[in-house]
There are 2 protein chains.
Amino acid sequence: MLKEMQTYLQREGFRVLTACTGKEAITITLSERPDLVVLDWMLPEKSGIDVCREIRQTSHCGIIMVTARSDESDKIVGLEIGADDYLTKPFSLRELASRIRALLRRLRGPEDRPMFLERDNLIISEAKCQVFKDGQEIQLTPTEFKILFTLAGRPGIVFSRLQLLNAALENEYMGYERTMDSHIRNLRRKLGDDPANPQYIQTVYGFGYRFGERS
Amino acid sequence: MLKEMQTYLQREGFRVLTACTGKEAITITLSERPDLVVLDWMLPEKSGIDVCREIRQTSHCGIIMVTARSDESDKIVGLEIGADDYLTKPFSLRELASRIRALLRRLRGPEDRPMFLERDNLIISEAKCQVFKDGQEIQLTPTEFKILFTLAGRPGIVFSRLQLLNAALENEYMGYERTMDSHIRNLRRKLGDDPANPQYIQTVYGFGYRFGERS
DNA sequence: TCGTGATTTGACAGGTTTTTGAAGAAATCC
DNA sequence: GGATTTCTTCAAAAACCTGTCAAATCACGA
């Protein structure tokens with residue numbers, strides 16, 4: 001079960017560490033400082049509740065509690081001790097991934113994320129859903145816009161096709177990965193990016209794509 | 001220094017966009033229409049003076065000039081070309097924030113703050129819940145008015161159907177999103193907006209609607 | 001209670017966007 | 001150098017989005 005979860009989440013583009021006991025979980029959380037912890041209520045050595053409490057003392061990372069009981073009072077206890085979300089067994093891996101994404105998004109929060117991104121002569125305005133190059137507006141489709149926004153939001157960071165698709169379609173994407181290639185192609189064309197030597201959207205062979213950092 | 005300023009001002013509650021060159025500053029000012037611009041006298045590519053002049057041609061936003069020289073004549077030049085305030089280095093971030101607040105207050109103006117929005121020949125009076133086009137009153141229903149007011153209050157910004165519905169109905173709307181299409185249709189008809197090429201209420205495919213900027 | 005205007009719904013047509021699949025090019029591995 | 005895997009490209013099919021409209025429902029004052 002743990003192994004499955006790990007595999008699935010990695011496919012979804014997350015970096016996953018696992019722990020089998022509460023103690024281990026705490027150690028890893030302290031040393032690796034993950035963005036988010038998925039915690040089973042029942043654990044050997046230490047109950048999930050204790051682990052949750054302990055993590056909370058030193059970290060603001062997201063915590064999702066997983067439990068077999070659907071008891072409403074458990075949920076309240078769970079959230080009270082500092083969990084951010086609560087999931088009842090049985091649940092699908094898809095649902096878990098979706099909750100994780102939602103929580104991560106929430107944690108990043110209303111943050112002072114700028115309303116637009118820019119690089120060189122390219123400006124991407126989220127609020128206006130517009131992209132300008134050299135002051136000229138470039139017409140993008142919704143999906144293209146979201147992909148570009150995701151990429152450009154973290155220049156230099158490599159995104160897998162699946163990550164991009166999920167970011168753009170804002171939920172579980174259930175299709176052909178090669179779809180992304182088409183979008184990338186269209187984006188490069190519209191941005192005037194030479195496929196042989198792209199300045200904006202660079203392909204990272206075997207991994208995915210990244211937005212080039214300042215030229 | 002730029003980064004510090006941004007951080008400090010964001011802490012003070014302002015939404016901050018930054019630009020490193022004069023050209024960039026102009027582009028962003030045009031696309032994002034900020035309430036206020038803080039402008040260094042010395043900039044790469046274009047001098048602060050030129051940037052200031054250029055911004056002034058299309059925008060009434062506040063402009064604060066920052067300069068290293070405390071020369072009184074510079075101050076006069078600065079104010080002459082359209083800056084609203086003038087700050088000499090070195091200055092504390094607190095002072096900058098305080099000047100910004102003061103200017104914003106002044107710009108919004110306590111008394112002459114228009115209770116109406118206008119663009120071209122369209123006037124939207126919130127206080128009276130009336131809309132005039134070419135001096136002729138246009139009869140709108142309450143919902144239509146609120147939608148128009150929401151849109152027109154932030155020209156260029158894209159609102160999703162749900163956002164508009166919530167703004168108009170001022171609470172959680174639990175219905176069919178397509179409802180908005182009807183309202184938009186009626187609005188466009190009443191405003192005399194050509195659906196094929198709307199000047200006022202523009203469709204942003206896949207996202208929602210926006211009030212068109214400038215004519 | 002009824003009548004009137006306002007709002008919402010549902011369905012269709014027409015247009016646009018997204019996805020697919022296959023074939024060829026490029027990169028990597030052995 | 002050849003085999004293998006991974007990317008690009010393209011056009012056609014599928015899915016999706018918007019505008020439109022008439023009819024149904026709702027809200028509210030007479």
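By convention in this document, chain letters (A, B, ...) are assigned in the order of the sequence lines, proteins followed by strands, and residues within each chain are numbered from 1. Heavy atoms only: backbone and side chains are in, while hydrogens, waters and symmetry mates are out.
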Does any N or O donor sit under 3.5 Å from an N or O acceptor when you compare the side chain of B:S182 with the base of C:dT9? yes

Nucleotide D:dT20, atom P - distance to CZ of B:R188 in whole Å: 7 Å

Any base atoms under 4.0 Å from A:R189, or only sugar-phosphate, or nothing? Heavy atoms, all strands. nothing

Assess, by modelled atom type and distance only, whether the side chains of A:R161 and A:Y209 contain a donor and an acceptor separated by less than 3.5 Å. yes

Out of C:dT17, C:dA6, D:dC7, minimum distance to the side chain of B:T141 belongs to C:dA6

Separation of D:dT18 P from B:Q202 CD (nearest whole Å): 15 Å

Rounded to the Å, how far apart are A:D181 CG and C:dA22 P? 15 Å

Whichever of B:M180 and A:E177 has its nearest DNA chain C nucleotide further upstream toward 5': B:M180

Rounded interatomic separation in angstrom, taking CG from A:L140 and C1' from C:dT17: 13 Å

Is there a side-chain contact between A:I63 and A:V38 in this structure, where contact means two heavy atoms from C-beta onward sitting under 4.5 Å apart? no

note: A:R178, atom CZ; C:dA22, atom C1'; distance rounded to Å ~ 13 Å

When you check the gap from the basic side-chain N to the acidic O, do A:K128 and B:E213 get nearer than 4.0 Å? yes

On DNA chain C, does the nearest nucleotide to A:H183 precede the nearest nucleotide to B:H183 from the 5' side, or the other way round? Give the residue. B:H183

Between the base of D:dT5 and the side chain of A:Y205, is there any donor-acceptor pair under 3.5 Å? yes

Answer with base, sugar-phosphate or nothing: what part of the nucleic acid does A:T203 contact at a heavy-atom distance below 4.0 Å? sugar-phosphate

For A:V204 and A:R185, find the nucleotide of DNA chain D closest to each by heavy atoms; which residue's nucleotide sits nearer the 5' end? A:V204

Would you please classify the geometry between the A:Y200 ring and the A:F211 ring as parallel, tilted or perpendicular, with 30° and 60° separating the classes? parallel

Tell me what A:T143 touches on the nucleic acid: a base, only sugar-phosphate, or nothing, going by heavy atoms under 4.0 Å. sugar-phosphate

Starting from C1' on C:dT19, measure out to CG on A:L165 and report it in whole angstrom. 10 Å

Contact class for B:F145 (heavy atom, under 4.0 Å): base, sugar-phosphate, or nothing? nothing

For residues A:F145 and B:F207, determine if any side-chain heavy atom of one lies less than 4.5 Å from a side-chain heavy atom of the other. yes

Output the rounded distance in Å from CD (B:Q139) to P (C:dT4). 19 Å

Does a side-chain N or O from B:Y209 land closer than 4.0 Å to OP1 or OP2 of D:dG19, or not? yes

Taken to the nearest whole Å, OH/B:Y176 to C1'/D:dT25 is 15 Å

Of the nucleotides C:dT20, D:dT18, C:dT7, which has the atom closest to the A:T179 side chain? C:dT20

